[in-house]
Amino acid sequence: MNWVVLGAGHWGVALAVHLARQGHSVRLWGRHPESLPCPSAGGDLSPHFPQVSRPARLTCTTDLAAAVAGCAGMVLAVPSHAVRNTLLSLRESLPAGQMVVLASKGLELETDLRLDQVLGQILKERPFAVISGPTFAAELVAGLPVAMTAASASADLAQEVARSFGNEQMRVYTSDDVAGVCLGGAIKNVLAIAAGISDGLGNGFSARAALITRGLAELRRLGTALGGRTETFMGLAGAGDLILTATSDLSRNRRVGLGLGRGLPLAQVLREIGQEAEGVRTAQALFLLAQREGVEMPITEQVFRVLYQGLAPREASDALMQRELRSEFTVLGQGSSAHGAP
């Protein structure tokens with residue numbers, strides 16, 4: 001079938017390449033021609049993956065309306081802050097019956113909404129799916145094995161997405177927990193910054209393991225308060241994505257934390273990375289959302305204070321270690337509400 005992938009960052013390019021290798025005809029849309037891998041003099045995926053050959057079925061365009069015309073499926077892989085405007089630009093031109101798949105991760109800063117809620121506001125009754133999980137763009141392009149979750153309120157749509165994306169390289173599980181899958185993909189980026197800060201400070205592997213575990217508890221607490229299910233946060237889109245993003249230096253969000261933990265200013269860290277790090281924006285929206293819902297998220301709070309209030313990373317680490325002692329059963333929410341104290 002014909003697909004269009006909106007967003008020519010690393011993730012969008014990787015998804016477009018994966019679909020093209022499946023035998024689909026794929027158009028890749030990007031706002032800036034210099035970010036698109038075609039035409040490329042060497043027939044490769046420059047500028048993002050110059051070592052990889054470009055599939056013959058992949059074409060590129062900067063014309064948004066032309067990109068979506070005649071395509072049976074659309075993948076939205078733009079940064080979180082561009083999701084609403086991209087959809088508004090397309091709302092009147094989306095082909096009837098086109099399959100819509102959200103692959104962006106994060107929260108909308110201005111509204112604190114999940115990205116699936118943004119889609120729901122704009123697309124109204126139109127069904128859509130969300131795909132997320134522990135997958136790096138570079139490894140997907142390299143042909144390494146990965147697994148993801150496709151979630152939709154429509155079981156048929158989730159299965160169709162799984163069939164379209166799944167092959168011997170990518171195993172795709174289905175779910176109906178759209179809220180949980182979206183929240184897992186957003187919250188893990190903030191927690192990956194925290195893990196990077198800890199490692200940048202030299203806190204060690206034991207501290208990182210504790211931080212990831214406690215971060216997973218925060219993810220579950222807020223996620224269930226907002227309608228997600230516990231089993232989702234223990235699955236690929238929750239624990240799986242968190243573990244990957246918090247432990248690998250391929251993660252831009254982890255690298256943000258590493259730089260901060262080593263004493264570099266945020267502006268310099270972002271400049272050196274040179275790519276979008278969704279956790280920086282999401283930290284602010286997530287902190288405000290947790291406050292609104294009355295859910296304590298101490299790790300998220302400390303990341304927010306480092307990023308936006310000038311708190312020194314060492315002080316943030318010390319603040320977490322000096323919290324009041326309590327039972328881990330209460331911490332995990334056993335016998336208490338999802339809003340239980342951490």
Side-chain angles (χ1 to χ4, degrees), residues 5-15 30-31 35 48 75-87 101-119 130-138 140 148-149 179-197 215 218-219 222-223 226 236-238 240-260 266-267 269-290 297 299-300 303-304 306-308:
V5 176
L6 305 181
H10 286 72
W11 186 225
V13 171
L15 290 172
R31 192 175 304 277
S35 70
H48 298 319
V75 179
L76 197 62
V78 298
S80 60
H81 60 85
V83 167
R84 183 178 293 274
N85 286 339
T86 302
L87 285 173
V101 180
L102 174 65
S104 305
K105 297 178 181 181
L107 299 171
E108 188 174 60
L109 180 59
E110 297 79 7
T111 62
D112 300 335
L113 291 176
R114 303 187 312 266
L115 297 185
D116 64 293
Q117 293 173 310
V118 176
L119 261 68
V130 178
I131 191 164
S132 188
T135 303
F136 282 138
L140 181 59
M148 301 188 75
T149 299
V181 169
C182 274
L183 284 166
I187 297 173
K188 60 93 181 182
N189 284 328
V190 180
L191 299 172
I193 293 177
I197 289 174
E218 288 192 18
L219 193 164
L222 182 63
L226 294 174
L236 290 169
D241 212 355
L242 172 59
I243 292 167
L244 177 72
T245 312
T247 59
S248 172
D249 289 347
L250 287 177
S251 163
R252 296 190 292 271
N253 293 286
R254 170 176 161 76
R255 283 155 56 198
V256 168
L258 282 171
L260 294 172
L266 177 61
V269 173
L270 295 176
R271 186 169 58 251
E272 291 178 356
I273 292 173
Q275 303 170 40
E276 191 84 24
E278 284 287 358
V280 175
R281 289 178 179 270
T282 302
Q284 184 174 0
L286 189 61
F287 174 69
L288 296 174
L289 183 59
M297 300 181 70
I299 299 173
T300 298
V303 172
F304 167 78
V306 169
L307 291 174
Y308 292 99

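Computed from a prediction, not measured in an experiment: that's the story for all the values here.
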**OP:** Specify the closest pair of heavy atoms between Ser35 and His48, including all atoms of both residues, with the distance to one decimal.
**Re:** O-NE2, 3.7 Å
**OP:** Can you sort out the partners of Asp249 under side-chain contact (heavy atoms from CB on, under 4.5 Å), two or more places apart, ordered by chain and number?
**Re:** Arg254, Leu258
Subject >> Under the ring pair (Phe, Tyr, Trp, His ring centres under 6.0 Å) test, residues paired with Phe136 that sit two or more places apart >> reply: none
Original post:
Of the non-hydrogen atoms in Val75 and Ala103, which two are nearest, and what is the gap between them?
Top reply: CG1-CB, 3.9 Å
Original post:
Quick one: CG on Leu289 to CE on Met297, what's the gap to the nearest 0.5 Å?
Top reply: 8.5 Å
Original post:
Can you check whether Ile299's main-chain N or O pairs, donor with acceptor, with Glu218's side chain at less than 3.5 Å?
Top reply: yes
Subject >> OG-CD1 distance between Ser248 and Ile243, expressed to the nearest 0.5 angstrom >> reply: 13.0 Å
Original post:
Looking at Arg281 and Tyr308, what are the two nearest heavy atoms and their distance?
Top reply: CA-OH, 3.8 Å
**OP:** Kindly give the heavy-atom pair with the smallest separation between Gly12 and Val5, and that separation in Å.
**Re:** O-CG1, 3.4 Å
Original post:
Does Ala137 have any side-chain contact (heavy atoms from CB on, under 4.5 Å) partners at least two apart in sequence or in another chain, and if so, which?
Top reply: His10, Trp11, Ala14, Phe49
Original post:
Could you state the interatomic distance from OG1 (Thr111) to CG (Leu288), rounded to the nearest 0.5 Å?
Top reply: 11.0 Å
**OP:** Could you grab the distance from atom CG of Leu242 to atom OG1 of Thr247, nearest 0.5 Å is fine?
**Re:** 8.5 Å
**OP:** Find the distance between OG1 (Thr245) and NZ (Lys105) and round it off to the nearest 0.5 Å.
**Re:** 6.0 Å
Subject >> Considering all heavy atoms, the nearest Ile193-Gly279 contact >> reply: CD1-C, 3.6 Å
**OP:** Please step through side-chain contact (heavy atoms from CB on, under 4.5 Å) for the pair Asp116 and Val181, ending with a clear verdict.
**Re:** CA-CA 10 Å; Asp116 64 293; Val181 169; over 6 Å; no
Subject >> side-chain contact (heavy atoms from CB on, under 4.5 Å) assessment of Gln284 paired with Leu109 >> reply: CA-CA 7 Å; Gln284 184 174 0; Leu109 180 59; 3.8 Å; yes
Subject >> Heavy-atom closest contact (Asp241 atom, Gly185 atom, distance) >> reply: OD2-CA, 4.3 Å
Original post:
CG/Leu107 to CD/Glu278 distance, rounded to the nearest 0.5 angstrom?
Top reply: 9.5 Å
Subject >> Arg255/Glu272 salt bridge by N-O under 4.0 Å criterion >> reply: no
Original post:
With no hydrogens and no angle check, is any side-chain donor or acceptor of Arg114 less than 3.5 Å from a backbone partner on Leu183?
Top reply: no
Subject >> Audit row: Leu76, Leu119, side-chain contact (heavy atoms from CB on, under 4.5 Å) steps and yes/no >> reply: CA-CA 10 Å; Leu76 197 62; Leu119 261 68; 4.1 Å; yes
